[in-house]
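Read the structure below first, then the notes.
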Amino acid sequence: MSDTAISTGRSPSVYMPSAEALATVLAPAERPARPSALSASLTFGWRALLKIKHVPEQLFDVTAFPIIMVLMFTYLFGGALADSPRAYLQFFLPGIMVTSVVMITMYTGVGLNSDIEKGVFDRIRTLPVWRPAALVGMIFGDVLRYVLAAVVILTVGVVLGFRPDGGLLGVLAGIGLLVVFSFAFSWVWTFFGLVLRSEKSVMGTSMMVLFPLTFLSNVFVDPSTMPGWLQAFVKINPITQLVTSVRAAMAGSMDGPSTMWMLLWSAFFVVVFGTLTMYRYTRR
């Protein structure tokens with residue numbers, strides 16, 4: 001009570017809102033609109049990028065690892081497989097770019113499995129958003145990692161003497177084909193991330209699949225030098241089709257059959273493993 005009220009013996013005045021004002025304040029607020037599937041996916045993609053901001057060590061696999069791969073294979077095998085390391089680099093660099101980027105696609109499944117083990121995805125599934133948004137957003141975030149790895153490898157290659165005949169447009173086309181395939185291939189690892197029990201299991205299974213696909217291909221040598229039975233596998237290997245497509249694009253041409261098969265493989269991964277992933281995710 002104020003001094004004025006005490007001296008006059010009056011009680012202090014109290015504001016009493018009207019019934020209309022109370023009704024306005026207590027009326028339920030209008031709910032915000034439900035976010036679209038695209039906006040929700042982009043939000044979760046931004047979440048994936050924030051992880052890199054807070055744990056920058058995650059960029060090791062898209063920076064230091066590709067540099068080590070380029071330097072090691074160029075100077076270790078360049079003189080034995082070609083006239084010189086620089087000559088070998090013209091053939092080898094598009095292939096090692098594909099290998100490095102395809103290798104890091106497995107971290108999509110590893111990250112998903114980690115979120116599941118920590119209970120993060122149980123919280124996400126309670127949000128009023130498109131349910132697959134978290135999975136799609138995670139892969140959207142990883143697309144930046146693929147582009148970054150490709151740019152790092154290309155930069156190192158140019159410093160060492162790689163000169164793409166297709167120029168800037170050929171390089172962009174090659175990276176575009178690589179990103180499309182890697183995005184599709186990531187759905188394989190999201191499925192593994194959902195069905196396997198631990199990060200180590202996901203990583204071990206991924207490496208068991210990736211090593212034969214990347215090394216039994218045309219990344220390092222011309223398949224014509226291989227035994228006939230091995231050539232048969234190499235020709236149907238999706239990595240072989242991808243490497244051939246990227247090489248042709250960077251050389252300023254287009255390998256129609258290889259590009260078509262690469263796109264068909266990409267569609268297969270999205271349709272089959274994307275569907276299996278969504279089915280498993282909605283029933284966990």
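Only this structure's heavy atoms are used, side chains among them; waters, hydrogens and symmetry mates stay out. Quick caveat: nothing in here was measured; it's all calculated off a predicted structure.
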* Any donor-acceptor pair under 3.5 Å linking the side chain of Arg145 with the backbone of Ile104? -> no

* Asked: Given side chains that start at C-beta, do those of Met226 and Val221 come closer than 4.5 Å, heavy atoms only?
  -> yes

* Say whether Met69 and Phe215 are linked into one hydrophobic cluster, either directly or through other cluster members, by side-chain heavy-atom distances under 4.5 angstrom. => yes

* **Any side-chain heavy-atom pair of Phe92 and Thr99 under 4.5 Å** => no

* Asked: If you round to the nearest 0.5 Å, how far is CG of Leu242 from OG of Ser182?
  -> 7.0 Å

* Structure fact -> Pro94 and Val246 have their tightest heavy-atom pair at CB-CG1, 4.1 Å

* What residues form a ring-ring contact (aromatic ring centres under 6.0 Å, His included) with Phe273, not counting sequence neighbours? -> none

* To the nearest 0.5 Å, what is the distance between OG1 (Thr74) and CG (Leu89)? -> 4.5 Å

* Within the distance-only criterion (no hydrogens, no angle test), does the side chain of Asn218 pair as donor or acceptor with the backbone N or O of Val243 below 3.5 angstrom? -> no

* List for me each residue that meets side-chain contact (heavy atoms from CB on, under 4.5 Å) alongside Ile67, sequence neighbours excluded, and say none if there are none. => Leu71, Val152, Val156

* To do: Supply the atom-to-atom distance Thr277 OG1 to Trp189 CH2, rounded to the nearest 0.5 angstrom.
  => 11.5 Å

* To do: State, yes or no, whether a side-chain contact exists between Phe162 and Leu154 at a heavy-atom distance under 4.5 Å.
  => yes

* Can you tell me how far the OH atom of Tyr281 sits from the CZ atom of Phe191, to the nearest 0.5 Å? -> 15.5 Å

* Whether Thr240 side chain and Val234 backbone form a donor-acceptor pair below 3.5 Å -> yes

* Checking Asn113 side chain against Gly193 main chain: does a donor-acceptor pair fall under 3.5 Å? -> yes

* Asked: Would a distance-only check, ignoring hydrogens and angles, find a side-chain to backbone donor-acceptor pair under 3.5 Å from Tyr88 to Phe220?
  -> yes

* **Single-linkage hydrophobic cluster Val270~Val209, side-chain heavy atoms < 4.5 angstrom** => yes

* Looking at the rings of Phe269 and Trp265, which for Trp means the six-membered one, are their centres under 6.0 Å apart? -> yes

* List the atom of Pro212, the atom of Met207, and the distance in Å for their closest heavy-atom pair. => CD-O, 4.2 Å

* Side chains of Tyr146 and Thr105, donor plus acceptor under 3.5 Å -> no

* May I ask you to decide if Ile236's main-chain N or O and Gln241's side chain share a donor-acceptor pair within less than 3.5 Å? => no

* **Leu194 side, atom CG; Leu112 side, atom CG - distance, nearest 0.5 Å** => 4.5 Å

* For Ser224, what residues pass the side chain to side chain donor-acceptor pair (under 3.5 Å) criterion, not counting sequence neighbours? -> Asp222

* Going from OG1 on Thr190 to CZ on Arg280, what distance comes out if it is rounded to the nearest 0.5 angstrom? -> 12.5 Å

* Return the set of residues passing side-chain contact (heavy atoms from CB on, under 4.5 Å) with Ala248 (not counting sequence neighbours), or none when no residue passes. => Ser253, Asp255

* Same apolar cluster (I L V M F W Y, side chains within < 4.5 Å links), Tyr279/Val271 -> no

* Asked: Who else is in Leu172's hydrophobic cluster (ILVMFWY, side-chain heavy atoms under 4.5 Å, direct or via others)?
  -> Leu168

* Quick one: do Leu264 and Phe233 end up in the same hydrophobic cluster if we chain Ile, Leu, Val, Met, Phe, Trp and Tyr together by side-chain heavy atoms under 4.5 Å apart? -> no

Give the table of side-chain donor-acceptor pairs shorter than 3.5 Å for residues 195-202, with sequence neighbours excluded, one pair per line with atom names and distance.
| unit_1 | atom_1 | unit_2 | atom_2 | d |
| --- | --- | --- | --- | --- |
| Ser198 | OG | Ser201 | N | 3.3 |
| Ser198 | OG | Ser201 | OG | 2.9 |

